[in-house]
Amino acid sequence: MLAGKRILLIIGGGIAAYKSLDLIRRLKERGVSVTPVLTRSAEEFVTPLSASALAGEKCYRHLFDLTDEAEMGHIQLSRAADLVVVAPATADLLAKMAGGHADDLASTLLMATDKRVLVAPAMNVRMWLHAANQRNVAALRADGIVVAGPNEGDMACGEYGPGRMAEPLEIVEAIGRALGDGPLKGRHVVVTSGPTHEPIDPVRYIANRSSGAQGAALAAALRDLGAAVTFVTGPATVPPPQGVTVVGVETAAEMMAAVKAALPADAAVFAAAVADWRVANASQTKMKKDGSGKAPALEFAENPDILATVAQMKTGRPALVVGFAAETDDVIAHATAKRARKGSDWIVANDVRPSTGIMGGTENAVTIIDAKGAEEWPRLPKDEVARRLAARIAAALGSRG
Ligand code: C5P
């Protein structure tokens, strides 16, 4: 429910600013309080009077407006809202945000806030595609900022392509998701991700090449649908998403303990690349060459299978248990057998032959194996695979009640 929520709406200086006036109306219709803030250049496109008349609230404009500071300081203003929305987010505003600038009211509020921030970019297609802008947007996403749009289409400047601000109703939908108002609201999902490190001695370990990209994208997509996510991650190279409970672990045994501690959950998704074996005779001190030329013998012990353990729990099993299967041959046959062996509801199978470029890459081509059979998905960016998987999880939990 959006009703009763408060949004701080920063309107940037672009032609799409007129749509932000409509956005205020759409939010007000849904019972949302909107505090508008205009940048100096936004005032070239819309007036503070229109924004405050539609919002039914004072429109804030200048950092050094002493009356405003006396009424409500900029720190308080940045935190009084449930969500900060920047629409239109111009290339300049995005660059300021990515660089941490704070030289006017809008950028200072964005630096001072402790709330989630959603941006709706709007700019010329060349500007949107410019390497500097793409770098800034990637940095903002990595900081946990939600990016809604832009859409592709005709632009006010006469060009065509991505850069049009998302429509007000699309932004309203994205705001709902950012406020945890999605189909997974009230659901708890545990996600494992990344590799594990199995120590040989205090300085050496056995690891694998998992980056944790798919697991992190999945946790973010589940969060965006409103789930409370516990993200149990090994030492991954991709940072964990914002807005989830992160439990950092190193070994498979620690991951098993962290997953058990995180239960109960409505769903559990095991995207981690867990080491099958740990070193049974790991040394407490750094192993040294003894000059004899004899290599030390490592003994291995099998790690707990976290997916199988949780999938086969007699009591307290999550309603939906999802595993992954990275295969190099006969993907569907192996993944189907794995689903039966482990007892998971679904297996998300992918072909990780080096020629596919999937392992360590930005795209994934998966097949979902469930009780009904195999559903093959096209090759997609890992973020999109995550969004589709999160939506499938939401649908499955919805039907299970
Ligand atoms: O058996 P395999 O390692 O191919 O199975 C992969 C699936 O099992 C993944 O979902 C992985 O996260 C999970 N797994 C696990 N604990 C292990 C080994 C694998 O949870 N010890």
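Whatever order the structure lists them in is the order used to number ligands and atoms, beginning at 1.
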Chemist: Got the closest protein heavy atom to atom 8 (O) of ligand 1, with its distance?
Modeler: Lys342 NZ, 3.1 Å

Chemist: Students should be able to answer this: which protein heavy-atom is nearest to atom 4 (O) of ligand 1, and at what distance?
Modeler: Lys338 NZ, 2.3 Å

Chemist: Answer yes if the side chains of Glu198 and Thr251 hold a donor-acceptor pair under 3.5 Å, and no otherwise.
Modeler: no

Chemist: Pick, from Gly323, Ala272, Ala325, the option with the minimum heavy-atom distance to atom 11 (C) of ligand 1.
Modeler: Ala272

Chemist: Among protein heavy atoms, which sits nearest to atom 13 (C) of ligand 1, and what does the distance come to when rounded to 0.1 Å?
Modeler: Leu307 CB, 3.7 Å

Chemist: Does a donor on one side chain and an acceptor on the other come within less than 3.5 Å for Asn124 and Glu159?
Modeler: yes

Chemist: Looking only at protein heavy atoms, identify the closest one to atom 21 (N) of ligand 1 and say how far it is in Å.
Modeler: Pro304 O, 2.8 Å

Chemist: Which pair of heavy atoms, one from Arg204 and one from Lys286, lies closest together, and at what distance?
Modeler: NH2-CE, 3.5 Å

Chemist: State if Met255 counts as touching ligand 1 under the rule of any non-hydrogen atom under 4.0 Å.
Modeler: no

Chemist: When you measure from atom 16 (N) of ligand 1 to every protein heavy atom, which one gives the shortest distance, and what is it?
Modeler: Ile306 N, 3.0 Å

Chemist: Within a distance under 4.0 Å of any heavy atom of Phe270, pick out the atoms of ligand 1 and give their elements.
Modeler: 9 (C), 10 (O), 11 (C), 12 (O)

Chemist: Considering non-hydrogen atoms only, spot the tightest contact between Asn136 and Ala98 and give its length.
Modeler: OD1-CB, 3.6 Å

Chemist: Below 4.0 angstrom, N of the basic side chain to O of the carboxylate: do Arg388 and Glu375 qualify?
Modeler: no

Chemist: Does the side chain of Asn151 pick up a donor-acceptor pair with the side chain of Arg164 at under 3.5 Å?
Modeler: no

Chemist: Name the closest protein heavy atom to atom 7 (C) of ligand 1, giving the residue it belongs to and the distance to 0.1 Å.
Modeler: Phe324 O, 3.0 Å

Chemist: Go through the side-chain N and O atoms of Asn303 and Asp276 and say whether any donor and acceptor fall under 3.5 Å apart.
Modeler: no

